[in-house]
Each structure stands twice: as C-alpha cells, then as structure tokens.
There are 2 protein chains.
Amino acid sequence: MAVTDEAIDKIKEMLLRGELKAGDRLPPEKELSDRLGLSRSSLREAVKALELIRVLDVRRGDGTYVTSLDAKLLNEAVAFVVELHQDKSILELFEVRRILEPATAFIAASKISSAELQELGAAMDGIDEHTDVEELVAHDLEFHRIISRAAGNAYLESLLDALSGSTVRARIWRGLTQDRAVAHTLAEHKAIADALARGDAELVKALVTVHISGVESWLRQAL
Amino acid sequence: MAVTDEAIDKIKEMLLRGELKAGDRLPPEKELSDRLGLSRSSLREAVKALELIRVLDVRRGDGTYVTSLDAKLLNEAVAFVVELHQDKSILELFEVRRILEPATAFIAASKISSAELQELGAAMDGIDEHTDVEELVAHDLEFHRIISRAAGNAYLESLLDALSGSTVRARIWRGLTQDRAVAHTLAEHKAIADALARGDAELVKALVTVHISGVESWLRQAL
DNA sequence: TAGCGGGGATTCATCCGATGTTTGCGGTGT
DNA sequence: ACACCGCAAACATCGGATGAATCCCCGCTA
C-alpha cells in the first residue's frame, strides 16, 4: 500500500529519531495530516493501527500522546496474537514458556528481595483446593508474575505474561479442578516459593520445570 | 473508545468462533460496515489496525482476507516493538535471547536433519572475515534461523527472529568488523555447526551460550 | 477447441466536508 | 479561595465522491 503505511513509517521514524518522545503529544489530526501530506481519514487509520499495539494513546477531546514505550508493549502485541491461537497450537506456545519460565525463575532466585518473598507468601494465603476457579487463575497469574518481576527483566516479564493468556489459564485451572489436581499444583507453588526463599536456584529451576511440564502434559492429554 | 474498537473485537470474535477462518475473504467494506453497524471510515480504521499486526491482508481491488494466522504473526508484532526499543533496552531483550537461543539449539541438536545440516554448511560457504557487512548480516540471520527451524517450533523460530532485528544485527556486525572480531565469531558458528552434526546437544548448548554471551558483552561495552 | 484480449463490475484507496461529543481551561461571580 | 459556566480545541463518526487495481466473463481469433 502507500499513503497510510507511509504515515505509520514516518511516525515510527519520528519516534526512533527522538523527534517524538514518550509522553509527547502529537500535533492535531489536521495539522499532522497536512504535514505528512495526506488526508485526515488516512492519518486516522495509521494512528488507529499504532493505537492497537499501544504505541499511541488517543484521548478524545484532548489529543494523541506517545505511550511510555516500555516493555509492556510486548505484552499487548503478543497477547493479541496468542489469543488468536488458542485451540490451534497452544502446545508450541507452551514449549516456549517451558523454556523461559525455569530460566526466569533461576535468575529470580538470586535476586528476589524479602519484600517480594513476602508478596509471594501473601499471594498463596487463603488459596486452597476449595477456592473457586476465577480466584485460582488470579492467584496463578500473580504467583508467576511476582517471580518473573523478581528476575528484573521487564521484557521477560511481559513475554511470560502474554504467553499464557488468561483464557488458557482459565481452561487449565478448570480442568485441574475437575481432576482434583488443584491441591497438588498448589503444593508445587509452595515448594517453589520455599526454594526461592532459601535461594536455591538450581532447585527452583528444577521445580519450575517440573511444574510447567506437568501442566503441559495435562494439557496435552486434555486436547 | 467505542465503535472502531468494537469492530476490532467483533472481527476477533468471528475469528475465534471459527466464523472466519484463515484464508477467508471478508465481506466488502460496505456490507461489513452495515452489518457491524458503523461507517466505512470507522471500519477501515479497524481493518487497518488488524492489518498492521498481519491478521488481515487487504488486497486492493480484490478484497480483504484473513491471513494464515500462523506463528509468523508473532514475528510481525514483536519485531515492530523491538525496533522501537533499539537504543533503549537492547540488553534486556538480549537477555531473553540468551535464554531462548541455547535452549532452542539444544532441542535442534536431536532433531536436525541431514538436509538441514547441509543447508547450515552451505550458509557458511564463501563467508569469511573479508565478506562485507551486509552479507555477514544475511549469513548470521540465516545461520540462526536454520537452527531455530530445526527445533521444530514455529513460535520459537518467529520469536528468535524478531528478538534480534536486522537493525541490531547490522550494528553488531559493523562493530565486529571494526574490532577485527569477525573471524572469531565465524569460528564459533563453525563450532556450533560441527557439534550439531555430531548431535552433541550439551556441547551445542554450551557453544551457543558462549556465542550469544560473547556478542552480548561486546554490545554491553559498545553502549 | 484453446488461447488471448477487452471491457465492465467489483473492491479497495483516498480525500473532503459536516456534525456530534468530550475534554481542558480560563473567566466570572460569590 | 472556590465553584460554576461556557468557549475553544481536539477527537469520533458519518456519508458521498472520485480514483485505481483487480478479477472475471465474454467474445474474438487462430
């Protein structure tokens, strides 16, 4: 194509060149479209596309702003794609997660703070095999997120977060509930938290590998 | 927002529900906009956004089609984001690559076919420290891509491809050339290929770790 | 009959102008 | 000093007009 895609590229270049920085406000639609030499309609298409992947933030009645442009961008972009691949090749996506999650936990083991360890403990409080699925999913998400955050790499955190979308997580925990495997899975969480507290990185890595692989094989059989 | 985002969601749901499948053609703009209850202009914004992340493929004068919806989607989405983070936090992105690349190579070691090994050999033919930067980048890209493809996980392949965009690669090889470190890096490629040929997965993993880490530390010092 | 070319129909590309809605901000009055 | 009001700026959405690319059917020709 041409005009609209050129506009996307030009905006991207303005970002790369530092002409536009995070938090900056873009010129009004009319002015920017004149400057880039296209119509408002076409410019709006470009802006909309950049808004979908969270590069721009459009505030009605106010203006269009550049987002923080941090690692969370990865999350948005990947999550959208992952959501579309739900039934199809979840297992391949899971294989990626099986690589990343233990490595992340390994890194986290040597960096995690006592505050984060406390958070991890709090995340498990009040969660047992009688907790309803919705809350279990929230717990699971938080548990893994605290660990990935402790690894100190925002991209890793975003990627892991996006790779197992909440839809997949919900399905898994629903399945675990039916199979009465919730207690077992929660025990794995507990073991991981304990090993993290002791700073035993190798054990953490092994436990996480077992944990993820367990879920993976459950998923494989469930499909 | 409202109308346009609703349209994006509705199209996404049509995909999830199987109402639209890969390769399908969407109704014409006019018809679809009527059906979704919005104007053509607004619908076009939605379509444009979905086109940016390669979910839809618009062919002028023909129609709008659903793409193959395969793992390559990840590539497009991630590559766009990565490109925007060039100067900023390349090192964090590299850390992710350092996790994925050895693990991928490890998997590839037990799966790689003789045809792929031959490809790997061919990719190294005619490449030496006198090759110009552009060709070195192409070689590097191909080398790592053959290995990730051999691992048999399309998402892994896409992700790795996207994680080290060609811009970063170009910068690295330009730097390696100036530092007269090209021969050394190519020798590492050779060693990796040899270990793959012997099926020594552990060695492959170690070599790749060394390889990536070497580049990473060069990059760290160059920033 | 097979192949080729033309022309109309379909569909997207782009632009324009009008109108509605939301937000931010400054002025005003108490 | 504070609360309210109203204007101006900026995005949201619409519908129509025109252009350009593509597809496909139909008729012509060898």
Side-chain angles (χ1 to χ4, degrees), chain A residues 1-15 19-69 73 76 80 84, chain B residues 1-15 19-69 72-73 76 80:
Chain A
M1 205 195 314
V3 186
T4 302
D5 289 294
E6 268 177 45
I8 293 179
D9 278 345
K10 282 180 183 170
I11 294 176
K12 198 207 291 186
E13 277 167 29
M14 283 196 264
L15 289 168
E19 199 172 323
L20 281 177
K21 290 189 300 288
D24 280 1
R25 174 176 168 174
L26 270 69
E29 288 180 344
K30 179 73 179 65
E31 188 186 326
L32 187 56
S33 61
D34 281 350
R35 177 128 60 99
L36 299 182
L38 40 66
S39 71
R40 259 189 71 231
S41 319
S42 300
L43 175 66
R44 278 184 59 79
E45 291 180 18
V47 169
K48 188 74 205 175
L50 291 173
E51 194 196 4
L52 180 69
I53 58 173
R54 301 294 192 277
V55 169
L56 296 181
D57 177 23
V58 180
R59 300 179 209 160
R60 182 172 183 171
D62 183 0
T64 302
Y65 296 81
V66 179
T67 66
S68 57
L69 286 182
L73 284 190
E76 305 290 347
F80 198 102
L84 283 178
Chain B
M1 203 195 312
V3 186
T4 303
D5 289 295
E6 268 176 47
I8 293 179
D9 278 346
K10 282 180 184 170
I11 294 176
K12 198 206 292 185
E13 277 167 29
M14 282 196 263
L15 289 168
E19 198 172 325
L20 281 177
K21 291 190 300 287
D24 280 2
R25 175 176 170 174
L26 271 67
E29 289 179 343
K30 180 73 178 67
E31 188 185 327
L32 187 56
S33 60
D34 281 350
R35 176 127 61 100
L36 299 182
L38 42 69
S39 72
R40 262 189 63 235
S41 320
S42 301
L43 175 65
R44 279 184 59 79
E45 291 179 20
V47 169
K48 188 74 207 176
L50 291 173
E51 194 196 5
L52 180 69
I53 58 174
R54 300 296 192 275
V55 169
L56 296 181
D57 177 23
V58 180
R59 302 180 208 160
R60 182 174 183 170
D62 183 0
T64 301
Y65 296 81
V66 179
T67 66
S68 56
L69 287 182
K72 281 198 285 296
L73 282 190
E76 305 291 347
F80 198 102

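Letters A, B, ... are given to chains in the order of the sequence lines, protein chains preceding strands, and every chain is numbered from 1.
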Visitor: Answer yes or no: is there a donor N or O on one side and an acceptor on the other, between the side chain of A:Thr67 and the main chain of A:Arg54, under 3.5 Å?
Guide: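 Yes, because the side chain of A:Thr67 sits within donor-acceptor range (under 3.5 Å) of the backbone of A:Arg54.
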
Visitor: List for me each residue that meets side chain to side chain donor-acceptor pair (under 3.5 Å) alongside B:Asp9, sequence neighbours excluded, and say none if there are none.
Guide: none

Visitor: What residues form a salt bridge (charged side-chain N to carboxylate O under 4.0 Å, His left out) with B:Glu29, not counting sequence neighbours?
Guide: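 Listed in chain order: B:Arg40, B:Arg44.
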
Visitor: How many whole angstroms separate atom CG of A:Asp34 from atom P of C:dC16?
Guide: 9 Å

Visitor: By a strict heavy-atom criterion of less than 4.0 Å, which residues belonging to residues 41-53 of chain A are in contact with DNA chain C?
Guide: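 DNA chain C contact set from residues 41-53 of chain A: A:Ser41, A:Ser42.
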
Visitor: Could you please name the option among C:dT14, D:dT13, D:dA12 that lies closest to any side-chain atom of A:Thr4?
Guide: C:dT14

Visitor: For A:Lys30, give me all partners under salt bridge (charged side-chain N to carboxylate O under 4.0 Å, His left out), at least two apart in sequence or on another chain.
Guide: A:Asp34

Visitor: Based on the rotation axes of five pairs at each end, what angle does the helix from C:dT1-D:dA30 to C:dT30-D:dA1 bend through, to 10°?
Guide: 10°

Visitor: Which nucleotide in the list D:dT13, C:dT14, D:dC14 gets nearest to the side chain of A:Ser39?
Guide: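 Selected nucleotide: C:dT14.
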
Visitor: Rounded to whole angstrom units, what separation is found between the CZ atom of A:Arg40 and the P atom of D:dA12?
Guide: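 Answer to the nearest Å: 9 Å.
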
Visitor: Over how many whole Å does the gap from B:Glu31 atom CD to C:dC12 atom P extend?
Guide: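 Whole-Å distance recorded here is 10 Å.
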
Visitor: Please identify each residue that fulfils salt bridge (charged side-chain N to carboxylate O under 4.0 Å, His left out) with A:Glu13, with sequence neighbours left out.
Guide: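 If we apply the salt bridge (charged side-chain N to carboxylate O under 4.0 Å, His left out) test to A:Glu13, skipping adjacent residues, the hits are A:Arg17.
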
Visitor: With 3.5 Å as the limit, what N/O pairs link the protein to nucleotides 4-11 of chain C?
Guide:
none

Visitor: Would A:Leu38 and A:Glu6 satisfy side-chain contact (heavy atoms from CB on, under 4.5 Å), going step by step from the backbone distance to the final call?
Guide: CA-CA 10 Å; A:Leu38 40 66; A:Glu6 268 177 45; over 6 Å; no

Visitor: Could you tell me the separation between the CG atom of A:Leu56 and the C1' atom of D:dC11, rounded to a whole number of Å?
Guide: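 Atom-to-atom, A:Leu56 to D:dC11, this comes out as 14 Å.
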
Visitor: For B:Arg59, enumerate each residue passing the side chain to side chain donor-acceptor pair (under 3.5 Å) test, keeping only those at least two apart in sequence or located in another chain.
Guide: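 B:Arg59: side chain to side chain donor-acceptor pair (under 3.5 Å) contacts with B:Asp57.
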
Visitor: Using side-chain contact (heavy atoms from CB on, under 4.5 Å) as the criterion, list what pairs up with B:Arg60, not counting sequence neighbours.
Guide: none

Visitor: C:dC12 C1' sits how many Å from B:Leu32 CG, rounded?
Guide: 13 Å

Visitor: Can you name the side-chain contact (heavy atoms from CB on, under 4.5 Å) partners of B:Val58, sequence neighbours left out?
Guide: B:Val47, B:Glu51, B:Thr64

Visitor: Suppose we screen for side-chain contact (heavy atoms from CB on, under 4.5 Å). Which residues come up paired with B:Ser41, at least two apart in sequence or across chains?
Guide: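 Residues passing side-chain contact (heavy atoms from CB on, under 4.5 Å) with B:Ser41: B:Ser39.
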
Visitor: Tell me, please, which residues at least two apart from B:Asp5 pass salt bridge (charged side-chain N to carboxylate O under 4.0 Å, His left out).
Guide: A:Lys48

